[in-house]
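Encoded as structure tokens, the structure appears first; notes follow it.
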Protein chains: 2
Amino acid sequence: MSKNAANLAALRINNPPATLREIALDRMRRAIISGLFEPGERLVERTLCDQLGVSRSVIREVIRHLEAEGLVEMLAKQGPIVARLDWNDARQIYDIRAALESRAVADCARLADAQVKTRLKKALDDLDRTSRQNSPPGILDATTEFYRIIFEASGHNIAWDIVSRLNSRISRLRVMTLSTASRTVSGPAQIREIFAFIDKNDPEAAAAACRQHVTAAARIAETLLGPTE
Amino acid sequence: MSKNAANLAALRINNPPATLREIALDRMRRAIISGLFEPGERLVERTLCDQLGVSRSVIREVIRHLEAEGLVEMLAKQGPIVARLDWNDARQIYDIRAALESRAVADCARLADAQVKTRLKKALDDLDRTSRQNSPPGILDATTEFYRIIFEASGHNIAWDIVSRLNSRISRLRVMTLSTASRTVSGPAQIREIFAFIDKNDPEAAAAACRQHVTAAARIAETLLGPTE
DNA sequence: AGTCGTATGTTGGTATACCATACGACAGCG
DNA sequence: CGCTGTCGTATGGTATACCAACATACGACT
């Protein structure tokens, strides 16, 4: 019967909702995260219409969404700009990440079964590979995937939403910190340590390793962004 | 010079930005939080246009914003509905709150000066008053103000954004837990305890009291919402 | 050289139209 | 009587045109 239910569930056709708006949202978000639009740059609605090939309605709704996500700021009577990031904000973001990620990691270490560990191992291997190739975007993807699995396995989906959103706000910073970290020894070593403690189902140690990893990233970010921006 | 800057800042005329959209956003948010629109209820765009007296564009942009805030869900091919909340989500939200609020409280206890303490004391008095009057919305406002001061004083403005957003998602739950808590003894006593430790500038104890307060609220919420909804 | 008006560009806001889809009612058929 | 197919309506998704308010830059005038 359970098998039957699974089959029936597999039957379900789920169209990619893929409304124009969601595509545009995704493109815009990527454009901002990747730095194609620079922080502080004005986002002129009608220009974006041309660039994305959609109407103003769509653009405006997308901007509303990005505004709520914190990627876009509204200047009164001047319209939207790409959100700027100062060290004070970045510092807080790393602090929140340390809190949420370490909790997720701890719960993951409590709950992780063989399947989760296998998936984490695979993400770790990807990280090693991209790290050896010194490919910052690849490192970032692999690291993100590693944490995605952790949050999913620990059932912290809301925290994952928050962390994802925060990460997109410090995306440029992350690319730089990760490539810096990979050049120094620390890079994947810290992630591997987190994995090791999850593998041993040791929540406390895993959480501590995670906190250490995030604060290390924050320290690198601080030298890059500087407390006096 | 710092005084000069403060004076200059005070000079600034800040128009209530009060674009129609922001007014509509505020109204809609309140309507959802207050329960005027029930969870799962469909939000028909053209109906909302009539009810708020604005055009569809405005409504749609507001819905985008609320969607990003997590107050509204989009059903594919069926349009927006008021977000539903199950215990699994609520549990996570309380967990995240415990993490972020306790950190803010600890930092507040580290940094609090006389002025902050005075403001906190005032919020606490408001809480006592509304609590004696057994006015759940008043209690909620006073509690919110208490925490707002804490986050502001500790410089955790990003965490405050997150917590505010999370709180609006569990607003109905909060009203119920707070009124329940006020009926039992625990109500303002726990908040008072947090204040006491901040007053003594004891970060660890304040954070512990805060965690206790949130988990107590979560326990009440659990009995109300039930893990099997 | 400095000041003032104006022209232009941009946003906020609104109305309207069109299309695709989902859903329900209704009619026709077995 | 029940099933099925068709059609109309409600709704969301998208595009477009228009207007008012405002900011900024530029140029003319004093």
Side-chain angles (χ1 to χ4, degrees), chain A residues 11-29 31-32 36-84, chain B residues 8 11-29 31-32 37-84:
Chain A
L11 255 213
R12 171 164 221 86
I13 47 174
N14 43 344
N15 279 3
T19 78
L20 203 48
R21 177 172 25 98
E22 304 197 36
I23 300 173
L25 174 62
D26 191 59
R27 296 277 174 90
M28 283 286 298
R29 197 189 282 119
I32 293 177
L36 207 150
F37 295 123
E38 289 177 19
E41 186 174 337
R42 289 189 62 175
L43 297 171
V44 180
E45 296 181 357
R46 285 165 173 88
T47 307
L48 292 173
C49 293
D50 294 341
Q51 290 171 337
L52 294 192
V54 295
S55 76
R56 253 185 90 200
S57 326
V58 175
I59 292 292
R60 286 176 65 91
E61 291 178 33
V62 166
I63 288 180
R64 265 355 120 216
H65 200 114
L66 294 173
E67 182 192 356
E69 278 185 24
L71 282 179
V72 163
E73 274 176 64
M74 296 300 297
L75 263 46
K77 318 236 170 176
Q78 287 185 68
I81 63 169
V82 177
R84 286 172 292 226
Chain B
L8 286 176
L11 257 210
R12 171 160 218 87
I13 345 177
N14 40 346
N15 281 1
T19 77
L20 238 173
R21 187 180 57 245
E22 304 197 36
I23 301 173
L25 174 62
D26 191 60
R27 296 277 173 89
M28 283 285 299
R29 196 191 281 118
I32 293 176
F37 296 123
E38 290 177 17
E41 186 175 339
R42 286 190 63 177
L43 297 171
V44 179
E45 296 180 0
R46 287 169 174 86
T47 308
L48 292 173
C49 293
D50 295 341
Q51 290 171 337
L52 294 191
V54 296
S55 76
R56 251 182 98 196
S57 323
V58 175
I59 292 292
R60 287 178 64 89
E61 291 179 33
V62 166
I63 288 179
R64 264 355 118 219
H65 200 113
L66 294 173
E67 181 193 358
E69 278 185 24
L71 283 178
V72 163
E73 274 175 65
M74 295 300 296
L75 263 56
K77 317 235 170 181
Q78 288 184 65
I81 63 169
V82 177
R84 286 171 292 225

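Lettering follows sequence order; numbering is per chain, from 1.
- A:Ser55 contributes atom OG, which lies 7.5 Å from atom CG of A:Leu20 (distance to the nearest 0.5 angstrom).
- Counting non-hydrogen atoms under 4.0 angstrom, B:Arg46 reaches a base of the nucleic acid.
- Bracketed by its first and final contacts, the part of DNA chain D lying under 4.0 Å from non-hydrogen atoms of chain B reaches from D:dT11 to D:dT14 in 5' to 3' order.
- Between the side chain of A:Glu67 and the backbone N or O of B:His65, no donor-acceptor pair lies under 3.5 Å.
- For the pair B:Glu69 (side chain) and A:Ala68 (backbone), a donor-acceptor distance under 3.5 Å is absent.
- Side-chain contact between B:Arg21 and A:Met74 is present, with at least one heavy-atom pair separated by less than 4.5 Å.
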For A:Leu48 and A:Ile63, run side chain to side chain contact (heavy atoms under 4.5 Å, CB included): C-alpha distance rounded to whole Å, both residues' side-chain angles, the deciding distance at 0.1 Å, then the answer. CA-CA 10 Å; A:Leu48 292 173; A:Ile63 288 180; 4.3 Å; yes
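- Using a 4.0 Å cut-off between charged nitrogen and carboxylate oxygen, B:Arg64 and B:Glu61 do not count as a salt-bridge pair.
- Against DNA chain D, the stretch residues 56-75 of chain A makes heavy-atom approaches under 4.0 Å through A:Arg56, A:Ser57, A:Val58.
- Here C:dG13 presents its P atom at 13 Å from CG of B:Leu52, a figure rounded to the nearest Å.
- Counting heavy-atom neighbours within 6.0 Å of B:Arg27 CZ, excluding the residue itself, gives a total of 12 or less.
- Both A:Gln78 and A:Arg21 lie close to DNA chain D; mapped to their nearest nucleotides by heavy-atom distance, the more 5′-ward contact belongs to A:Arg21.
- Here C:dG24 presents its P atom at 17 Å from NZ of B:Lys77, a figure rounded to the nearest Å.
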Distance-only check: which donor-acceptor pairs under 3.5 Å involve side-chain atoms of residues 38-45 of chain A, not counting sequence neighbours?
from: A:Glu41; atom 1: OE1; to: A:Glu38; atom 2: N; distance (Å): 2.8
from: A:Arg42; atom 1: NH2; to: A:Gln78; atom 2: O; distance (Å): 3.1
from: A:Glu45; atom 1: OE1; to: A:Arg56; atom 2: NE; distance (Å): 3.0
from: A:Glu45; atom 1: OE1; to: A:Arg56; atom 2: NH2; distance (Å): 3.1
from: A:Glu45; atom 1: OE1; to: A:Arg60; atom 2: NH1; distance (Å): 3.4
from: A:Glu45; atom 1: OE2; to: A:Arg60; atom 2: NH1; distance (Å): 3.1

